Amino acid sequence: MIFRQLFDAPSSTYSYLLASRRGGEALIIDPVLEKVDRYLQLLRELDLKLVKAVDTHLHADHITGLGALRDRTQCITVMSERSRVDVVSMRVADGDRLQIEGVDLDVLYTPGHTDDSCCFRLADRVFTGDTLLIRGTGRTDFQNGDARAQYESIFARLLQLPDETLVYPGHDYKGDTVSTIGEERRFNPRLQVKSADEYVELMRGLKLANPKMMDVAVPANMKVGFHQEEIARRGWAMTAEEMLCSVARPDVVLIDLRERSERERHGTIPGSLHVPYPSLPESSGAGGMLHALARSTGKRLVFYCAFGERSAMAVQAAQDAGLSSCHLQGGLAAWKAAGGHVEQ
Ligand SMILES: [Fe+2]
């Protein structure tokens with residue numbers, strides 16, 4: 001496996017780059033905006049294709065690199081379904097799998113530091129965001145933080161993992177890079193409590209100053225969505241209402257770009273083909289399945305995904321490949337809101 005722990009000194013943030021092999025797909029956890037050029041350089045050097053950029057939670061101390069990475073690599077942006085961000089391409093919940101080629105992470109919903117905090121677990125390690133830090137825990141005094149929920153997330157979820165599980169946190173302010181679950185259970189001063197009440201008391205007594213970047217970072221991080229208006233201005237978008245009238249038309253073919261897990265959980269628009277977003281360049285290029293379908297039938301490709309981000313980027317790629325296409329603005333969420341039928 002390719003694994004890199006990357007550091008942003010001004011915010012003491014760790015970001016993590018994961019891939020199963022050179023030449024393969026990559027995923028990045030908690031990228032920082034100012035470091036995006038560095039990540040892109042590293043991706044080129046390691047011959048990796050970034051397919052997912054993931055935030056463990058809505059950050060208050062740095063601006064996320066999610067939007068910039070998406071704009072520059074067309075990757076999928078991922079956050080919790082609880083996140084109050086405008087749009088991310090894909091939202092995950094407890095028990096979901098976060099997958100790229102050869103890398104398979106379990107999603108653990110671990111509220112407490114914020115109400116959208118998640119941890120991501122790979123076989124021998126867990127990326128804990130700001131839920132569990134090395135000899136510390138993430139503060140719980142703003143952004144819908146909740147010390148009692150954090151106690152549960154740590155004690156009932158993270159500390160149930162095997163002792164030897166490596167802990168890779170979202171920050172470290174002292175220069176530590178990695179710990180283990182067993183080590184944190186024994187030596188993390190915040191975890192030497194006998195009850196949730198005691199933990200809540202401990203957290204209440206911290207009296208921390210707000211992060212320097214908070215007033216800038218939180219609003220900025222809530223607006224990471226892809227600008228779908230430009231796609232609409234070019235006539236490449238369909239509203240859910242327009243789509244309701246045209247699904248049965250013989251000259252369009254509907255294409256679902258989401259992953260299998262999303263299709264199973266949220267249902268699909270009846271009659272749509274499944275072409276997962278990462279396979280789109282291959283499929284819409286010369287010799288690809290979608291390319292052949294569009295050319296041989298003359299049908300217009302109508303892409304959709306969860307919220308319209310992946311589909312908006314897909315339209316751009318399909319138009320570049322010379323294929324007549326548009327997308328469902330707002331994705332399946334807009335379709336459901338307009339009363340569209342879904343098949344489970
Ligand atoms: Fe945080």
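As a basis for the values below, the full set of heavy atoms in this structure was taken, side chains included, without hydrogen atoms, waters or symmetry mates. Quick caveat: nothing in here was measured; it's all calculated off a predicted structure. In listed order, ligands and their atoms are each counted from 1.
Counting backbone and side-chain atoms alike, His113 contributes an N/O/S atom closer than 2.8 Å to the Fe ion (ligand 1). Among the atoms of Asp61, no N, O or S atom falls under 2.8 Å of the Fe ion (ligand 1). Under 2.8 Å from the Fe ion (ligand 1) lies an N/O/S atom of His57, whether from backbone or side chain.
Looking only at atom types and distance, the side chain of Ser83 has a donor-acceptor partner in the side chain of Asp116 under 3.5 Å away.
For Arg22 against Leu48, the heavy-atom pair with the smallest separation is CA-CD2, 4.2 Å.
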Derivation of the salt bridge (charged side-chain N to carboxylate O under 4.0 Å, His left out) call for Arg148 and Asp146: CA-CA 6 Å; Arg148 195 167 296 274; Asp146 180 335; 5.8 Å; no

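Between Glu184 and Ile134, the closest side-chain pair of non-hydrogen atoms falls below 4.5 Å.
Here the N, O or S atom of Asp130 that is nearest to the Fe ion (ligand 1) is OD2.
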